[in-house]
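What you are looking at is a predicted structure, and each value in this text was computed from that prediction instead of being measured.
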Amino acid sequence: MASIGTPKPSKRAYAARQGRLSKVFVAMHAAIVLLPIAVVALWAFADSWAWPHLLPQSFSLRGVELVLSEGRDTGLSMMVQSVLIALAAAVLTTLVAALAARAVSCYEWAGRKAFSFGLVTPFLIPTTVFAMGVQVLFIKAGIARTVPGVVLAHAIVALPYSAVIMMDMTDAVGTRLEDAAKALGASPLKAVRHVTLPALLPGIVSSLSMAYIMSFSQYFLTLLIGGGAVRTLAVVMFPYLSGGDRTIAAAYGLVFIASTFAVFLFFEWLMRRFGMREDGELYG
């Protein structure tokens, strides 16, 4: 006698249930990301917001006016300098990491493993200890309290992260496509330009993003190496955070979020413009 049990759900019902579950998780993720940004946005325009009120009692443009005013520690010029320093550090870090990853992953040579380990040794050094040692070295080299010195210090800190990303990506891509292009008559430069770089672009963009956000958010290292002469958004914003002026700190926070988002959109455009699709064809 056949037993009567609960019928198995159809594939369509299972897919519908998975779709609803995915929407719940997406909504939760959006709430986790957007709610703190909404609070920061309210604080940027709040003049008085005392506990236990859920909304500010009064609003003011004091924070926005200070951020947009022209001056050494405020204004768009300081924000542009912060973005340019972070971009320069990101490009320098990614360039060094890409070349090092190619040397480690594509060639056999004595000391390769020791070199690979040396790339990630900054992981083992606390940032405070590193910053104090680098400050002494940069003072002797004459690049302390300069923008190039700050860029170089940021690049050194971000290098281990970018190196790990680029070594994994280079290992995954390999040299098979590049060797095939050379066999078909492409010069080494054209093979790298039209085959290897588009294949590595996801890793390059990831490395740029990681190095950029690490440089853009550096406070202690910038303050120590820059010596107060190099002012970035993080350096200017931190005193307002520690001093309790949440309105000014939130206004700078909005600028921080907006500028970072704009740079990441630029990185996404690079991926779509020059990257390689899953089918092996190039975008654009």
Provide the closest heavy-atom pair for Arg145 versus Gly227 in the form atom of the first, atom of the second, distance. NH1-O, 2.6 Å
Report yes or no: does Ser116 contribute a side-chain atom to a donor-acceptor pair with the main-chain N or O of Arg112 at less than 3.5 Å? no
Close side-chain approach of Leu177 and Thr196, heavy atoms under 4.5 Å: no
Counting only heavy atoms not in Leu54, do more than 12 sit closer than 6.0 Å to its CG atom? no
Spacing of Leu159 atom CG and Met214 atom CE [to the nearest 0.5 Å]: 10.0 Å
Less than 3.5 Å apart, any donor N or O on the side chain of Thr170 or Ser105 sitting next to an acceptor on the other? no
Measure the acute angle between the ring planes of Phe256 and Phe216, then classify it against the limits of 30° and 60° as parallel, tilted or perpendicular. tilted
Determine, stepwise, if the pair Thr232 / Val236 fulfils side-chain contact (heavy atoms from CB on, under 4.5 Å). CA-CA 6 Å; Thr232 63; Val236 174; over 6 Å; no
Counting C-beta onward and ignoring hydrogens, is there a side-chain heavy-atom pair between Thr146 and Val230 closer than 4.5 Å? no
Can you tell me how far CE of Met132 sits from CZ of Phe220, rounded to the nearest 0.5 angstrom? 7.0 Å
If the threshold is 4.0 Å, N to carboxylate O, is there a salt bridge linking Glu178 and Lys190? no
Assess whether side-chain contact (heavy atoms from CB on, under 4.5 Å) is satisfied between Leu87 and Phe266, documenting all intermediate values. CA-CA 11 Å; Leu87 282 175; Phe266 172 69; 5.5 Å; no
Please indicate whether Arg102 has more than 12 foreign heavy atoms, meaning atoms of other residues, nucleotides or ligands, lying under 6.0 Å from its CZ. yes
Report whether Phe25 and Leu34 are members of the same hydrophobic cluster (ILVMFWY, side-chain heavy atoms less than 4.5 Å apart, transitive linking). no
Examine Met237 and Leu224 and state if one hydrophobic cluster contains both, with Ile, Leu, Val, Met, Phe, Trp and Tyr joined whenever side-chain heavy atoms are less than 4.5 Å apart. no
From CA spacing to verdict: side-chain contact (heavy atoms from CB on, under 4.5 Å), Met28, Val24: CA-CA 6 Å; Met28 291 175 58; Val24 170; 4.0 Å; yes
What's the spacing between Thr247 OG1 and Leu61 CG if we round to 0.5 Å? 11.0 Å
Side-chain heavy atoms nearer than 4.5 Å, only ILVMFWY residues, links allowed to pass through others: does that put Val255 and Tyr219 together? no
Could you check whether any side-chain heavy atom of Tyr252 comes within less than 4.5 Å of a side-chain heavy atom of Met78, counting everything from C-beta outward? yes
Nearest 0.5 Å, please: how far is CD in Gln135 from CZ in Phe130? 11.5 Å
Should Val150 and Phe138 count as side-chain neighbours, where that means a heavy-atom distance under 4.5 Å? no
Correct closest heavy-atom pair for Ala89 and Ala155 would be O-CB, 4.1 Å
Between Pro198 and Pro202, what is the shortest heavy-atom contact and its length? O-CD, 3.9 Å
Where the side chain of Ser215 meets the backbone of Ala211, is there a donor-acceptor pair that is under 3.5 Å apart? no
Nearest-0.5 Å distance, CG of residue Leu265 to OG1 of residue Thr260: 11.0 Å
Are the side chains of Leu270 and Ile204 in touch, meaning some heavy atoms are under 4.5 Å apart? no
Would you sort out whether Phe238 and Leu223 count as a side-chain contact (heavy atoms from CB on, under 4.5 Å), showing the intermediate values? CA-CA 11 Å; Phe238 185 81; Leu223 184 64; over 6 Å; no
Taking atom types as modelled and ignoring hydrogens, do the side chains of Thr93 and His154 form a donor-acceptor contact shorter than 3.5 angstrom? no
Taking Thr121 for its side chain and Gly118 for its backbone only, find out whether a donor-acceptor pair lies under 3.5 Å. yes
Say whether Phe115 and Met167 are linked into one hydrophobic cluster, either directly or through other cluster members, by side-chain heavy-atom distances under 4.5 angstrom. yes
Could you pull out the closest heavy-atom pair between Leu233 and Ser82, with the gap in Å? N-OG, 2.7 Å
So how far is it from Ile248 CD1 to Asp245 CG, rounded to the nearest 0.5 Å? 5.0 Å
Using a 3.5 Å distance criterion without hydrogens, assess whether the side chain of Thr94 forms a donor-acceptor pair with backbone atoms of Val91. no
Is any side-chain heavy atom of Val136 closer than 4.5 Å to one of Val134? no
Measure across Val235 and Thr222 and return the closest heavy-atom pair with its distance rounded to 0.1 Å. CG2-CG2, 3.7 Å
Could you report the tightest heavy-atom contact between Leu221 and Ala131, atom names first, then the distance? CD1-CB, 3.5 Å
Residues 36-53 side chain polar contacts: donor-acceptor under 3.5 Å, at least two apart:
residue, atom, partner, partner atom, Å
Trp49, NE1, His53, O, 3.0

Hydrophobic clustering (ILVMFWY, side-chain heavy atoms < 4.5 Å, transitive) - are Leu95 and Ile156 grouped together? no
